[in-house]
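Take a look at the structure set out below.
In this chain, numbering begins with 1 at the start of the sequence shown.
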Amino acid sequence: MVEELHNASSLVLAVSWVLIYVLMIRRGILDKSYGMPMIALCLNISWEFCFTFLTDIETVYRLTNGFFFLFDFGVLYTCFRYGREDFDWPVMRKWFQPILLGSLAISFAGVFLFTRAFDDTYGGLFAALNTPVYSALLISMLLRRNSVKGQSLYIGLAIFIGDAGAYIPTLYAHQVGWASTPLLWIHTFMICTLLLHAIYIVMYWYIARRDGINPWKRF
């Protein structure tokens, strides 16, 4: 029963994140913007690269990570193409693309060294730490822009559902010995992540309605 629940939750997680990436890339192109905060994108693509090409884990996990690694390039394109217009600071406007590439290099080094230092074979420890950071960065991006540019309610809902769906697979991985992440760490960071996602969705709804946008009609 536990394994069946794990498989169902893993499917929810995978479908949710495919939807997130497709909607995020689409919305980014339509709005000439990007939907994933720059630092979160750099950490995400670095994590997926490390756990696709640089770790000795089961083939199914390497292929899954590689699949989402390819989607990251669509989001990276929107960030690379439109990111400079997202900042008022002249230095960021002038040097945005070199700063983005530098951030990618630093993120890769950080993820790689973290996973080696803490023997994080499947990346669960780093992922548990990164998910609430990503949630907080989404809120920060929404506040900084003070608009729903590059984002949609459906992306926010899919992120919430996807991370909720990740809860059970993470616990299962811990149970069968695929992850050494402490249970207290898992519970704390997953609950914080879901609370932050809920705050983001409420804030998105408020800003969209304030600007006369129907959130349900914006895909």
Side-chain angles (χ1 to χ4, degrees), residues 13-14 16-18 20-21 24-25 27-28 33-57 61-87 89 91-145 150-151 155 159 162-163 166 170 179-181 185-186 188-190 192-193 196-197 200:
L13 172 64
S16 296
W17 273 98
V18 168
I20 290 163
Y21 276 118
M24 197 174 283
I25 294 168
R27 194 74 255 168
S33 184
Y34 59 97
M36 187 178 292
M38 185 179 78
I39 299 302
L41 173 60
C42 292
L43 291 172
N44 201 47
I45 199 169
S46 297
W47 188 94
E48 283 163 357
F49 180 86
C50 285
F51 290 95
T52 299
F53 302 107
L54 303 180
T55 53
D56 184 20
I57 58 178
Y61 293 104
R62 293 166 65 91
L63 291 176
T64 301
N65 294 333
F67 175 72
F68 287 109
F69 177 69
L70 294 177
F71 270 109
D72 273 323
F73 278 97
V75 183
L76 182 62
Y77 166 77
T78 60
C79 186
F80 193 82
R81 175 69 176 80
Y82 305 117
R84 71 171 68 249
E85 304 303 322
D86 200 46
F87 296 91
W89 192 25
V91 172
M92 284 295 292
R93 281 182 171 266
K94 183 177 181 180
W95 300 102
F96 177 78
Q97 291 172 345
I99 289 171
L100 174 58
L101 294 175
S103 298
L104 276 170
I106 293 170
S107 296
F108 170 77
V111 172
F112 180 79
L113 293 175
F114 181 96
T115 56
R116 293 301 185 272
F118 293 96
D119 195 24
D120 192 17
T121 305
Y122 286 87
L125 187 62
F126 187 87
L129 175 62
N130 187 50
T131 46
V133 171
Y134 175 47
S135 306
L137 288 172
L138 274 174
I139 294 173
S140 175
M141 184 175 71
L142 188 64
L143 288 173
R144 177 175 57 81
R145 289 176 174 173
Q151 302 154 88
I155 294 172
I159 292 173
D163 282 341
T170 304
S180 58
T181 313
W185 182 291
I186 293 172
T188 300
F189 280 88
M190 288 304 296
C192 289
T193 296
L196 287 168
H197 283 331
Y200 170 79

Is the shortest side-chain heavy-atom distance between [X] and [Y] below 4.5 Å?
X      : Y      : value
Asn130 : Phe114 : no
Phe69  : Cys50  : no
Ile159 : Tyr134 : yes
Phe87  : Arg144 : yes
Trp47  : Asn65  : yes
Met36  : Ile25  : no
Arg93  : Glu85  : yes
Ile57  : Thr121 : yes

**Request:** Evaluate the criterion side chain to side chain contact (heavy atoms under 4.5 Å, CB included) for residue pair Tyr61 and Phe51; output intermediate values, then yes/no.
**Result:** CA-CA 8 Å; Tyr61 293 104; Phe51 290 95; over 6 Å; no
Please report the interatomic distance [atom1]([X]) to [atom2]([Y]), rounded to the nearest 0.5 Å.
X      : Y      : atom1 : atom2 : result
Met190 : Thr131 : CE    : OG1   : 6.0 Å
Ile155 : Arg27  : CD1   : CZ    : 8.0 Å
Thr55  : Arg62  : OG1   : CZ    : 6.0 Å
Phe68  : Thr52  : CZ    : OG1   : 11.0 Å
Met38  : Leu100 : CE    : CG    : 6.0 Å

**Request:** Give a yes or no on whether the backbone of Tyr34 and the side-chain of Thr78 come within a donor-acceptor separation of less than 3.5 Å.
**Result:**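 No; judged by distance alone, with no hydrogens or angles, the pair does not exist.
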**Asked** Can you check whether Ala136's main-chain N or O pairs, donor with acceptor, with Ser140's side chain at less than 3.5 Å?
**Response**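 Flag not set: sc Ser140 to bb Ala136 has no pair under 3.5 Å.
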Non-hydrogen atoms of [X] and [Y] that approach each other most closely:
X      : Y      : result
Ser135 : His197 : OG-CE1, 2.9 Å
Val111 : Ser46  : CG2-CB, 3.9 Å
Pro132 : Leu196 : O-CD1, 3.5 Å
Gln151 : Tyr200 : OE1-OH, 2.7 Å
Ile39  : Ser103 : CD1-OG, 4.4 Å
Cys79  : Leu41  : CB-CD2, 3.8 Å

**Prompt:** Can the positive tip of Arg116 be found less than 6.0 Å from the middle of the six-membered ring of Phe126, inside 45° of the ring normal?
**Reply:**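 No.
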**Prompt:** Does the ring centre of Phe71 sit less than 6.0 Å away from the ring centre of Phe67?
**Reply:**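 So the answer is yes for these two rings.
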**Message:** Checking Trp17 against Asp163 for the side chain to side chain contact (heavy atoms under 4.5 Å, CB included) test, could you report, in this order, the C-alpha distance in whole Å, the side-chain angles of both residues, the deciding distance, and whether it holds?
**Reply:** CA-CA 9 Å; Trp17 273 98; Asp163 282 341; 4.0 Å; yes
**Message:** Apply side chain to side chain contact (heavy atoms under 4.5 Å, CB included) to residues Val75 and Asn44 and explain how you reach the verdict.
**Reply:** CA-CA 11 Å; Val75 183; Asn44 201 47; over 6 Å; no
**Flag if over 12 foreign heavy atoms under 6.0 Å of CZ, Arg84** =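 Atom CZ in Arg84 is packed in, count exceeds 12.
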**Request:** Evaluate side chain to side chain contact (heavy atoms under 4.5 Å, CB included) for Phe96 paired with Ile99, printing each intermediate quantity in order.
**Result:** CA-CA 5 Å; Phe96 177 78; Ile99 289 171; 5.6 Å; no
